[in-house]
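These values consider heavy atoms only, across backbone and side chains, with no hydrogens, waters or symmetry-generated copies. Note on naming: letters A, B, ... go to the chains in the order of the sequence lines (proteins, then strands), and numbering restarts at 1 for each one. Bear in mind that the values here come from a model prediction, so they are computed numbers and not experimental data.
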Amino acid sequence: MSLNKALSPDGKLFTIEIKGKFDFNLVQSFRSAYADVGSSTPKVIIDLRETEYMDSSALGMLLNMKKSLGDSVSGIHITNCRPQIKKILQISRFDKKFDID
Amino acid sequence: MKILVVDDQELNRNLLRFMLEQEQHQVALAVDGEEALTVFDEFAPDLVLLDVVMPKMDGFEVAPLLKAKSAEVYLPIIFITALDDKSSLEKCLQVGGDDFLNKPFDKVILSAKIKAHARTRELSKKTYKQNRELAYYQLHTEREHELVEHIFDNALENRFLLPELIEFNLSPASMFNGDLFLMAPSCTGGVYVLMGDFTGHGLAAAMGALPASKIFYSMTQKGLSVGDIAAELNHTLYDLLPGNMFCAATILELNSSGRSFSAWLGGLPDGFLLSKDGKIKQKLTSRHMALGILDEYEFERDTVYVETDLNDKIILYTDGVIEAENNRGEFFGEERLLRKVSAPSFTELGSIVESVKRFTGKQDQQDDLSLALIKCLPSPIKPKLSDEYMSTPLNVSMALDAERLKSTDPVLDVVEMICAIKGCSDHRSNLFLLISETFNNALEHGVLGLESSLKDSDDGFCQYYELRAERLADLTDGEIKLDISYTPDTPKISFTIADSGSGFIKTDAHDDSNFHGRGLSLIKEIAESVNLNECGNKITVTYSLIHS
């Protein structure tokens with residue numbers, strides 16, 4: 001389980017990658033990760049390529065992030081979901097709130 | 001030396017034999033042309049002394065026949081003749097003679113001539129031997145090339161093709177390609193591609209393609225990001241390749257939706273993202289050194305992330321395309337390439353290769369040419385799932401007391417354990433979700449007595465988990481029991497979680513703004529059945545392993 005974040009050199013993309021398990025153990029680090037989003041209203045990319053596990057606490061964290069970031073970002077894109085993870089997001093109707101591909 | 005003497009005069013034959021044997025030569029005799037042919041086959045002489053006028057078959061007639069018998073190596077034929085008119089001497093040379101010796105014989109001149117022709121014959125023998133060796137090595141090399149070609153074909157053949165999305169054209173300058181184009185499906189339903197160009201061309205350049213393809217296929221199967229795949233390739237090529245050899249490469253992953261891609265760009269010429277109608281939307285400029293140059297600690301794995309519209313096109317190519325040179329020393333160039341790709345008449349990459357070849361004209365192709373065109377469309381790839389299951393039923397029970405609950409988070413352990421059952425591994429994310437939701441519900445509400453309503457605000461959400469940690473640390477009483485069973489007939493996992501608390505706090509799962517209710521609604525969607533006992537401190541979940 002780990003979390004990496006990176007702002008692209010042009011300040012337009014803020015990427016958060018979550019590896020392994022995305023659950024309540026990441027509450028603090030996830031929250032502090034998006035606190036660093038900067039003032040350039042970047043697009044946030046949540047890269048779940050290596051997220052194998054996810055539960056409803058992760059969904060809560062994503063919703064909190066959306067609420068907290070509001071207009072300080074130009075959008076939140078959840079990308080590279082594995083099929084079962086994508087299904088969890090769809091069941092929870094996250095595709096209405098986030099850009100999921 | 002072995003010398004054949006052909007003369008119808010016995011006196012001449014004996015005289016010559018005597019003179020030659022004195023000089024340590026081996027001698028055979030023949031009385032006319034016909035006999036000469038027979039003796040030639042048995043004796044295999046190095047030189048022939050040939051009389052002109054003989055009965056049956058004369059010297060002029062037999063000379064070309066003798067020459068023909070020794071087509072591979074120079075056979076000196078010296079005519080012995082009393083004739084001295086110019087036309088006779090000319091005829092001697094015309095029919096294949098190499099020299100004359102006038103009668104009566106002069107011993108010194110005979111010996112000198114034999115020595116001179118022996119030298120030429122030796123030289124000819126040596127050349128013949130070398131030619132044979134050369135032919136042997138050539139054949140040997142050809143066989144080896146065929147073998148290597150077979151290995152390359154098997155290792156580099158793209159077994160996975162996706163013609164609706166990806167078109168590529170590889171045109172090597174020689175039998176072996178120093179360019180490389182590989183594709184593989186990703187576990188998220190997208191597709192990976194790699195275009196590489198090793199230094200130089202031919203067999204030496206192609207060698208690196210073997211380990212590179214092996215790594216690419218195994219890393220894509222693991223679902224690594226393009227940056228991590230690049231790092232792995234770099235590491236291996238750095239160890240393997242000599243210092244002056246490396247591999248310029250672009251590694252790209254197109255998302256399953258076709259609406260974005262990420263790419264690691266190392267040393268290939270600028271690729272382009274083009275709109276449906278051929279306008280340049282973005283240049284994909286190399287940001288890194290080629291693979292195999294930098295040591296592991298210097299290597300940068302950062303990638304570009306690009307959002308695309310459906311039917312956008314990505315074009316990738318190696319420098320052989322734009323650096324193809326015509327006879328005026330001009331390059332084919334990026335502009336010509338882009339004009340071709342964005343022309344309304346453009347249909348397939350083969351036409352670009354044709355234009356490059358027309359452009360360079362009659363000159364030999366200098367470098368390997370490779371092009372790939374990727375269409376940004378939803379990928380039709382469906383992840384492959386196992387359909388083989390363990391045939392033995394299984395039951396596992398565990399009881400976790402307060403001490404155990406404090407020191408371990410058993411959810412992942414339980415999931416890993418279930419995934420060891422054949423057929424379950426593909427379901428690990430779903431199994432995690434089910435067990436995580438139910439176990440944490442039992443722990444947080446049943447054992448620790450936490451109130452879900454606390455999670456309603458952002459701060460409350462964090463407080464909830466802080467409180468969870470505090471209460472767990474202070475826990476003295478409480479227990480959670482977990483019973484898991486696997487049934488093979490219609491493959492299923494069932495589990496019951498019971499806690500020592502007085503009952504779950506049920507929440508309305510259908511209120512979308514209520515985070516904590518989401519857990520139960522997820523379980524209901526993913527599981528085949530969910531049963532809560534009346535007071536809510538025991539839940540039984542059944543999950544079907546048959547893929548819907």
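Annotation: the span from B:Glu525 atom CD to A:Ser92 atom OG amounts to 8.5 Å, rounded to 0.5 Å. Atom CD of residue A:Gln84 and atom CD1 of residue B:Ile526 lie 8.0 Å apart, to the nearest 0.5 angstrom. For the atom pair OG (B:Ser186) and CZ (A:Arg82), the distance works out to 9.5 Å, reported to the nearest 0.5 Å. The distance from the CD1 atom of A:Ile91 to the CG atom of B:Leu433 is 8.0 Å, given to the nearest 0.5 Å. Rounding to the nearest 0.5 Å gives a distance of 9.0 Å between CG of A:Asn80 and OG of B:Ser225. Here the OG1-CG distance, from B:Thr438 to A:Asp55, works out to 10.5 Å after rounding to the nearest 0.5 Å.
Both the backbone and the side chain of B:Ser429 come within contact range of chain A, judged by heavy atoms closer than 4.5 Å. For B:Asp302, no part lies under 4.5 angstrom from a heavy atom of chain A. At a 4.5 Å heavy-atom cutoff, the contact between A:Asn25 and chain B is made by side-chain atoms alone. Using a 4.5 Å cut-off between heavy atoms, A:Phe30 makes no contact with chain B at all. Using a 4.5 Å cut-off between heavy atoms, A:Lys96 makes no contact with chain B at all. Heavy-atom distances place no part of B:Ile523 under 4.5 Å from chain A, backbone and side chain included. Of the two parts of A:Met61, the backbone and the side chain both hold a non-hydrogen atom closer than 4.5 Å to a non-hydrogen atom of chain B. Contact of A:Ile88 with chain B is made through backbone and side chain together, with heavy-atom distances under 4.5 Å. The contact between B:Asp459 and chain A is made by backbone and side chain atoms together, counting heavy-atom distances below 4.5 Å. Of the two parts of B:Val415, only the side chain, counted from C-beta on, holds a non-hydrogen atom closer than 4.5 Å to a non-hydrogen atom of chain A.
More than 12 heavy atoms of other residues, nucleotides or ligands sit less than 6.0 Å from atom NZ of A:Lys43. Remark: B:Lys281 NZ is packed, more than 12 non-hydrogen atoms of other residues, nucleotides or ligands lying under 6.0 Å away. Surrounding CE of B:Met417 are more than 12 heavy atoms belonging to other residues, nucleotides or ligands, all under 6.0 Å away. Residue B:Gln221 qualifies as open at atom CD: its count of foreign heavy atoms under 6.0 Å is 12 or below. Atom NZ of A:Lys12 is surrounded by 12 or fewer heavy atoms from other residues, nucleotides or ligands within 6.0 Å.
Below 30°, between 30° and 60°, or above 60°: for A:His77 and B:Tyr305 the angle between ring planes is above 60°, a perpendicular geometry.
Each of A:Thr15, A:Thr51, A:Ile45, A:Ile85 has some count of heavy-atom pairs under 4.5 Å with chain B, and the biggest count is that of A:Ile45. Highest contact tally toward chain A, considering only B:Gly190, B:Gly258, B:Cys462, B:Ala469, is held by B:Cys462 [criterion: heavy-atom pairs under 4.5 Å]. Contacts with chain B were tallied for A:Ser68, A:Ala58, A:Ser57; A:Ser57 has the most, counting heavy-atom pairs under 4.5 Å. Taking chain B as the reference chain and counting heavy-atom pairs below 4.5 Å, the highest number among A:Gln28, A:Glu17, A:Lys86, A:Met54 is found for A:Met54.
In the model, B:Asn255 has a side-chain atom that pairs as donor or acceptor with a side-chain atom of A:Thr79 under 3.5 Å.
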Would A:Asp23 and B:Val411 count as a side chain to side chain contact (heavy atoms under 4.5 Å, CB included) if you check the C-alpha gap in whole Å, the side-chain angles of each, and the deciding distance to 0.1 Å?
CA-CA 11 Å; A:Asp23 72 354; B:Val411 175; over 6 Å; no
Starting from the C-alpha separation in whole Å, work towards a yes-or-no answer on side chain to side chain contact (heavy atoms under 4.5 Å, CB included) for A:Phe24 and B:Arg468.
CA-CA 10 Å; A:Phe24 72 89; B:Arg468 181 193 195 274; 3.2 Å; yes
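Between the side chain of A:Glu52 and the backbone N or O of B:Arg428, no donor-acceptor pair lies under 3.5 Å. Remark: the backbone N or O of B:Gly223 is not paired with any side-chain donor or acceptor of A:Glu50 at under 3.5 angstrom.
Between B:Leu224 and A:Arg49, the closest heavy-atom pair is O-NH1, 3.5 Å.
Using a cut-off of 4.0 Å between Lys/Arg side-chain N and Asp/Glu carboxylate O, A:Lys21 and B:Asp409 are scored as salt-bridged.
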